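Hydrogens, waters and symmetry mates are skipped; everything else that's a heavy atom, side chains included, is used. Because the structure is a prediction, the values reported are computed rather than measured.
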Amino acid sequence: MTGETALELFLGTLASEVKASVEAMTRDRIVERIWRKDHTVWKPEPEEITNRLGWLHVAEAMIPRLPEVDSFVEEVRSAGLTQAVLLGMGGSSLAPEVLARIFPRRPGFLDLTVLDTTHPDAIARVRDRLDLKRSLFIVATKSGGTVETISLFKYFYNLMLDVRPPHQVGGHFCAITDPGSGLEERARSLAFRKIFLNDPEIGGRYSALSYFGLVPAALMGTDIRTILERGRRAAQACGVASPGGAEPNPGLLLGSVLGTAARAGRDKMTLMVDPLLANLADWVEQLVAESTGKEGRGILPVAGEPLGPPDVYGDDRVFVWVGAGKGGSWQGLEALREAGFPCVGITVGDPHDVGALFFVWEFATAVAAHLLGVNPFDQPNVESAKIQAKKMLGAYRESGTLPRLPATAEQEGLQVLGHSPAATPADALRRFVDHVSQGGYVAIQAYVPPDQETDRSLGRLQKTLRNRTRKAVTVGYGPRFLHSTGQLHKGDAGKGSFIQISSDISRDVPIPDAPGEPASSVTFGALIAAQAHGDREALLQAGRPVLRLHVTRKVAEALDRLCEHLD
Ligand SMILES: O=P(O)(O)OC[C@H]1O[C@H](O)[C@H](O)[C@@H](O)[C@@H]1O
């Protein structure tokens with residue numbers, strides 16, 4: 001079973017509504033119209049729709065380009081480069097990260113690190129691990145102007161100047177970007193080893209099967225031909241107009257369930273992914289949240305929440321399990337099914353079918369967006385946080401300071417910043433989450449260095465809050481989530497309550513004003529602080545409640561202590 005995506009549906013009370021949605025879409029020839037690139041499937045105007053549908057044919061279109069990717073990989077290997085660092089955010093980094101975690105590096109190929117944070121401690125950690133003379137930096141940005149990506153590029157470019165003469169530095173860089181972007185121009189003038197120009201009609205979160213996903217994977221020796229082929233077959237399956245029968249259309253069915261469930265108030269898509277498919281949930285989260293979370297609507301993907309008994313869930317949930325291979329796919333979900341929760345199981349043959357899953361989820365998201373009446377290809381609310389952060393950085397450049405909220409309660413390395421009547425952080429958190437109303441959710445936004453220990457402690461906090469509130473609780477690292485769930489946080493119906501967690505910086509890192517120039521007027525520490533403040537402002541302006549916590553010691557330890565107080 002390769003390239004085939006099998007769906008099992010247990011819809012409970014949603015069954016008749018899903019059936020009605022599918023019938024309406026069959027009558028309105030939605031599948032055919034998506035393939036014809038008919039923008040009226042989503043909106044009366046074509047802007048940011050007709051020029052965003054290149055992903056429909058990308059699996060096919062990339063096949064003749066694979067020799068170009070192969071020869072680049074060979075060239076890099078012969079140059080003796082052994083480590084690759086991908087600098088990118090959101091749609092430009094999540095698919096490579098999923099592929100890097102699913103497929104181990106093949107001997108003789110490059111070791112890939114994905115850097116999608118501005119936390120100075122995390123950047124310093126990656127820098128300390130690198131043998132710069134053997135490193136390749138992949139600057140991946142569709143727009144060519146994303147502040148995190150460009151700042152990281154400038155930083156590593158200048159580091160390379162310490163170990164290589166200027167005319168050799170470009171040989172340690174490659175770019176993946178749209179034709180005509182600022183990055184293309186810069187990459188040419190700095191003589192990058194290679195510039196991959198992507199199809200500009202593919203948006204970031206739909207770019208997994210384009211150069212953005214494939215080039216970094218190929219550098220690790222991953223079999224990208226098989227992945228693409230599985231994607232191509234999934235695209236064929238999603239071309240079938242009728243949803244049922246001998247050849248069901250998996251994208252149409254999945255999208256029908258998600259869109260219909262959200263319309264019926266079950267807008268928390270709780271996602272469980274087979275460990276064989278690693279962190280695929282992070283990619284799905286960006287795709288679904290950024291595509292549907294706008295105009296007061298949206299589907300909240302809930303990833304990483306440990307499965308609990310039925311009584312910890314409200315009636316706003318739908319569950320999706322994604323598995324590879326046989327066995328175990330419904331473990332733990334039976335109780336939920338019996339309790340009447342709608343559940344969808346998606347099974348593929350083996351991990352290379354991640355290529356098929358990329359396509360099926362993209363198609364399903366486009367279908368769900370049709371049912372919700374939103375444009376799945378724009379991100380109208382992402383800009384608000386960027387504007388606020390820019391404003392703060394502008395002020396910082398002039399005054400040398402950023403706004404800092406006063407600490408109003410403190411215990412065991414954790415502070416509450418800003419007004420709060422609570423005596424301790426645990427108390428403040430309890431008061432905050434106990435106010436979340438029916439149908440609401442809690443989003444933990446952690447502007448801290450990502451690592452396994454912190455993942456574990458954030459997961460513990462997520463579970464503790466979910467069990468206490470019976471509400472959906474999500475976790476995202478900042479600023480990465482700003483390019484993912486950040487759209488939905490500000491664009492949905494205002495259902496979220498936000499817990500921002502920042503941490504002290506042990507060693508700050510300068511951002512050069514320009515590549516090759518020693519001058520630096522801003523550090524990564526100032527950037528991440530401005531991003532957190534900026535998003536807080538944007539959330540408050542959109543009427544969302546925000547609680548701000550700050551860790552002054554080891555993040556995992558402080559969060560563990562907090563959980564003990566909450567238990
Ligand atoms: O690839 P880039 O242009 O750098 O964009 C990176 C990301 O940033 C933006 O904020 C968008 O919200 C994302 O959809 C996008 O994937």
salt_bridge(D451, R456) N-O dist < 4.0 Å:
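R456 and D451: not salt-bridged.
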Sidechain-backbone polar pair: K490 side chain, Q541 backbone, donor-acceptor under 3.5 Å:
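Checking the backbone N and O of Q541 against the side chain of K490, no donor-acceptor pair under 3.5 Å is found.
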Would you confirm whether the ring centroid of F358 sits within less than 6.0 angstrom of the ring centroid of F363?
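No, the ring centres sit 6.0 Å or more apart.
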Under the ring pair (Phe, Tyr, Trp, His ring centres under 6.0 Å) criterion, do F319 and Y313 qualify, and how do the steps go?
CA-CA 11 Å; F319 293 87; Y313 299 112; 4.9 Å; yes
Residue list, side chain to side chain contact (heavy atoms under 4.5 Å, CB included) with A428, at least two apart or on another chain
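With sequence neighbours excluded, A428 shows a side chain to side chain contact (heavy atoms under 4.5 Å, CB included) to V416, S420, A422, L547, given in chain and number order.
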Using 0.5 Å steps for rounding, measure from the CZ atom of R536 to the CZ atom of R548.
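One finds 7.5 Å between CZ of R536 and CZ of R548.
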Where at least one partner belongs to residues 432-449, residue pairs that pass salt bridge (Lys or Arg N to Asp or Glu O under 4.0 Å), sequence neighbours excluded
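Every salt bridge (Lys or Arg N to Asp or Glu O under 4.0 Å) pair that includes a residue of residues 432-449, provided the two are not neighbours, is D434-R468.
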Can E148 and H483 be counted as having a side-chain donor-acceptor contact under 3.5 angstrom?
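Note: E148 and H483 side chains meet the donor-acceptor criterion.
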Looking at K495 and D267, is there a salt bridge between them, counting it only when a charged N and a carboxylate O are closer than 4.0 Å?
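Yes, charged N to carboxylate O under 4.0 Å.
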With a 4.0 Å cut-off, would you call R27 and E23 a salt bridge?
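A salt bridge is absent here (no side-chain N lies under 4.0 Å from a carboxylate O).
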What verdict does the salt bridge (charged side-chain N to carboxylate O under 4.0 Å, His left out) test give for R480 and E97, after you've listed the backbone C-alpha separation in whole Å, the side-chain angles of each residue and the deciding distance to 0.1 Å?
CA-CA 13 Å; R480 156 192 172 123; E97 196 183 38; 3.3 Å; yes
Is there a donor-acceptor contact under 3.5 Å from the side chain of W42 to the main chain of A366?
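A pair under 3.5 Å: yes.
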Which one of D378, N381, N375 satisfies the side chain to side chain donor-acceptor pair (under 3.5 Å) criterion with K294?
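Running side chain to side chain donor-acceptor pair (under 3.5 Å) over D378, N381, N375 with K294 returns exactly one hit, D378.
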Residue pair V18 / S256: nearest heavy atoms and the distance that separates them:
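What the structure gives for the nearest pair is CG1-CB, 4.3 Å.
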For W361, give me all partners under ring-ring contact (aromatic ring centres under 6.0 Å, His included), at least two apart in sequence or on another chain.
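Result, ring-ring contact (aromatic ring centres under 6.0 Å, His included) vs W361: none returned.
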Under 3.5 Å donor-acceptor, Q500 side chain and Q445 backbone
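The answer is no, because no donor-acceptor pair under 3.5 Å joins these two groups.
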Report the C-alpha separation of E453 and K554 in whole Å, then their side-chain angles, then the decisive distance to 0.1 Å, and conclude whether the salt bridge (charged side-chain N to carboxylate O under 4.0 Å, His left out) test is met.
CA-CA 10 Å; E453 227 194 319; K554 206 164 168 236; 2.8 Å; yes
Please determine whether a side-chain nitrogen of the Lys or Arg among D315 and R266 lies less than 4.0 Å from a carboxylate oxygen of the Asp or Glu.
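Salt bridge flag = no for R266 with D315.
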Looking at D274 and A324, would you say the former's side chain and the latter's main chain have a donor-acceptor pair under 3.5 Å?
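Yes.
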CG-OG1 distance between L559 and T464, expressed to the nearest 0.5 angstrom
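One gets 10.5 Å once the value is rounded to the nearest 0.5 Å.
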R205 and E290 ion-paired at < 4.0 Å:
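The answer is yes: the pair qualifies as a salt bridge.
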Quick one: side chain to side chain donor-acceptor pair (under 3.5 Å) partners of R544, sequence neighbours excluded?
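Side chain to side chain donor-acceptor pair (under 3.5 Å) check on R544 returns D492.
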Around atom NZ of K463, are there more than 12 heavy atoms of other residues, nucleotides or ligands at under 6.0 Å?
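Open: at most 12 neighbouring heavy atoms sit under 6.0 Å from NZ of K463.
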Side-chain donor-acceptor distances from residues 304-312 under 3.5 Å, at least two apart:
unit_1	atom_1	unit_2	atom_2	d
E305	OE1	R317	NH1	2.9
E305	OE1	R317	NH2	3.4
E305	OE1	R466	NH1	3.4
E305	OE2	R317	NH2	3.1
E305	OE2	V473	N	3.2

G349 backbone acceptor or donor facing D353 side chain under 3.5 Å
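Such a contact is found between D353 side chain and G349 backbone.
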Checking Y206 now: which residues fulfil ring-ring contact (aromatic ring centres under 6.0 Å, His included) with it, not counting sequence neighbours?
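By the ring-ring contact (aromatic ring centres under 6.0 Å, His included) rule, Y206 matches W55, F377.
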R36/E32 salt bridge by N-O under 4.0 Å criterion
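Yes, this pair counts.
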I'd like to know if the side chain of H550 and the backbone of I501 have a donor-acceptor N/O pair within less than 3.5 Å.
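A pair under 3.5 Å: no.
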Quick one: are the ring centres of Y477 and H119 less than 6.0 Å apart?
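No; H119 has its ring centre 6.0 Å or more from that of Y477.
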Is any side-chain heavy atom of V442 closer than 4.5 Å to a side-chain heavy atom of I499?
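Yes. Closest side-chain heavy atoms under 4.5 Å.
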Salt-bridged, R337 to E334, with N to O below 4.0 Å?
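The answer is no: the pair does not qualify as a salt bridge.
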